[in-house]
Amino acid sequence: MKTLLHPTYFPNIITFAVILKHDILWETADNYQKQTYRNRCYICTDQGKHMLSIPIKHAGGDQGRQRYKEVALDNSYSWQRQHWRTLQTAYRTSPYFEYYEEELAPLFENPFKFLLDFNLQTIAAICSCLDVEMPTDRTAVYEVSPDHLVDKRVLVNAKKHFKIAQQPYVQVFGDRHGFIENLSVLDLIFNEGPSTVTFLETMDLTIPNA
C-alpha cells in the first residue's frame, strides 16, 4: 500500500525516513496551506535552530484558496542566494558539506517558477546525494480520507510536534546548543554523509500522534 505524503522544502528527518522506508505517492492535488513545511525548513546555525522560508506569491482563487501546484515563487528578491549563503555559513565546517555542495548548488542558482516543482527538485537532489530512487507517482485528485493509502500528510504541519525516538548524531554547533532533533535532512547529510541512509532506515517511525 502506498504512503501519501506532501512534497516539502528539503524535508525534515522524520519525513525523509518515511520517504526511504515506504512506497510514496506525492500529494499534488491539494490546496496550499500556511504554517507548513511546504515553503520552509529548519537548519542549525551558530545562533541555533533557524528557519529558511521561501517567499511565495499569494493569489488565491475562490474563498482565498489556491492549488499547491499553482503557487508561484516570489523571485522579486534573491531568496535563493540568501538561502545558499546561509547554508554555506552554517555547514561549511561540517564533515560532508563540500562532498555534496556541487550536487545542491544548482538548486540555488537556477530559477524556478512554482513552489511544488522546486520542492520536488530539492527531494530529487537529496535522493541523488544518497543514491536512492526518487519517488515519482503523484495524485490526480484530492481525497480527504483515502482508504486505499497510508495517509501521512499530517507530517507537513510545521506547528505539530511528532514524538519519535530519534538517535542523536554529532551536529556542527552541538557544543553550543545541544542536539536539535528533526531538522531538515540537509543537517543530517552534511554531518553524517553516506551514513545517512542507514540512520534513516533504522529509525523507529512509530509516531503516536501522526
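Starting from 1, each residue takes its place in the sequence as its number. Just the heavy atoms: all of them, side chains too, but no hydrogens, waters or symmetry mates, feed the values below.
The backbone N or O of I13 lies less than 3.5 Å from a partner atom in the side chain of N182, making a donor-acceptor pair. Judged purely by atom type and a 3.5 angstrom limit, T196 has no side-chain atom pairing as donor or acceptor with the backbone of E192. Remark: the backbone N or O of T139 is paired with a side-chain donor or acceptor of T28 at under 3.5 angstrom. In terms of modelled atom types and a separation under 3.5 Å, the side chain of K21 and the main chain of E201 share a donor-acceptor contact. Between the side chain of H148 and the main chain of M1, no donor-acceptor pair closer than 3.5 Å is present.
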Using residues 106-127 as the side-chain source, report each donor-acceptor pair under 3.5 Å to any protein atom, sequence neighbours left out, with the distance given to one decimal.
from: N110; atom 1: ND2; to: P106; atom 2: O; distance (Å): 3.2
from: N119; atom 1: ND2; to: R38; atom 2: O; distance (Å): 2.7
from: N119; atom 1: ND2; to: Y68; atom 2: OH; distance (Å): 2.8
from: T122; atom 1: OG1; to: F10; atom 2: N; distance (Å): 3.3
from: T122; atom 1: OG1; to: N119; atom 2: O; distance (Å): 2.7

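Side-chain contact between R92 and E101 is absent, with no heavy-atom pair separated by less than 4.5 Å. Looking at V71 and N39, their side chains never come closer than 4.5 Å, going by heavy atoms from C-beta outward. R40 is listed as a side-chain neighbour of Q35, based on a closest heavy-atom distance under 4.5 Å. Residues L5 and L155 have side chains in contact (heavy-atom distance under 4.5 Å, counting atoms from C-beta outward). H22 places none of its side-chain heavy atoms less than 4.5 Å from the side chain of V150. Proximity of P135 to I19: side-chain heavy atoms (C-beta onward) are separated by under 4.5 Å at one or more points. Put simply, the side chain of E181 reaches to within 4.5 Å of the side chain of H161, judged on heavy atoms. A heavy-atom distance below 4.5 Å is found between the side chains of Y96 and P194.
Applying the ring-ring contact (aromatic ring centres under 6.0 Å, His included) rule to pairs touching residues 177-201 yields Y91-F190, F97-F190, Y169-F179, Y169-F199, sequence neighbours excluded.
Cluster annotation: I189 and M134 are assigned to the same hydrophobic cluster (Ile/Leu/Val/Met/Phe/Trp/Tyr, side-chain heavy-atom contacts under 4.5 Å, transitive). In terms of hydrophobic clustering, with Ile, Leu, Val, Met, Phe, Trp and Tyr side chains grouped at heavy-atom distances under 4.5 Å, L130 and L104 are assigned to a common cluster. In the hydrophobic clustering of ILVMFWY residues, with side-chain heavy atoms under 4.5 Å counting as a link, L4 and Y32 come out apart. F16 and V154 fall within a single hydrophobic cluster, where Ile, Leu, Val, Met, Phe, Trp and Tyr side chains are chained together by heavy-atom contacts under 4.5 Å. Clustering ILVMFWY residues whenever any of their side-chain heavy atoms sit less than 4.5 angstrom apart, transitively, puts Y77 in the very cluster that holds I54.
For P95, the side chain to side chain contact (heavy atoms under 4.5 Å, CB included) partners at least two apart in sequence or on another chain are N191. Applying the salt bridge (charged side-chain N to carboxylate O under 4.0 Å, His left out) test to E27 and every residue at least two apart in sequence or in another chain returns R153.
Listed here is the closest heavy atom pair of A90 and F173: O-CE1, 3.4 Å. Across I14 and L205, no two heavy atoms sit closer than the pair O-CD2, 4.2 Å. In terms of heavy-atom proximity, H83 sits nearest to S53 at NE2-O, 3.1 Å. Between R67 and N31 the shortest heavy-atom distance is CD-OD1, 3.8 Å.
The distance from the CD atom of Q171 to the OG atom of S94 is 11.0 Å, given to the nearest 0.5 Å. Taking OG1 of T93 as the reference point, atom CD of E98 lies at 10.5 Å (rounded to 0.5 Å). Atoms CD1 and NZ, from I56 and K34 in turn, are 8.0 Å apart once rounded to the nearest 0.5 Å. The structure places CD of Q166 at 8.0 Å from CG of L188, a figure rounded to the nearest 0.5 Å. Atom-to-atom distance recorded for T136:OG1 and I24:CD1 is 11.5 Å, nearest 0.5 angstrom. The CG atom of L186 sits 6.0 Å away from the SG atom of C41 when rounded to the nearest 0.5 Å.
For D175, the CG atom counts as densely surrounded, since its 6.0 Å shell holds more than 12 non-hydrogen atoms of other residues, nucleotides or ligands. For CD of E143, the number of neighbouring non-hydrogen atoms (other residues, nucleotides, ligands) closer than 6.0 Å is greater than 12. The number of heavy-atom neighbours closer than 6.0 Å to NZ of K69, taken from other residues, nucleotides and ligands shown, is 12 or below.
In this structure, V144 belongs to a hydrophobic cluster whose other members, linked by side-chain heavy atoms under 4.5 Å apart, are Y142. In this structure, M51 shares a hydrophobic cluster with Y37, Y42, I180, L183, the cluster being traced through Ile, Leu, Val, Met, Phe, Trp and Tyr side chains under 4.5 angstrom apart.
A salt bridge links K2 to D23: one of the charged nitrogens lies within less than 4.0 Å of a carboxylate oxygen.
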Take D30 and H6 through the test side-chain contact (heavy atoms from CB on, under 4.5 Å) and record every step on the way to the result.
CA-CA 9 Å; D30 62 324; H6 287 287; 2.8 Å; yes

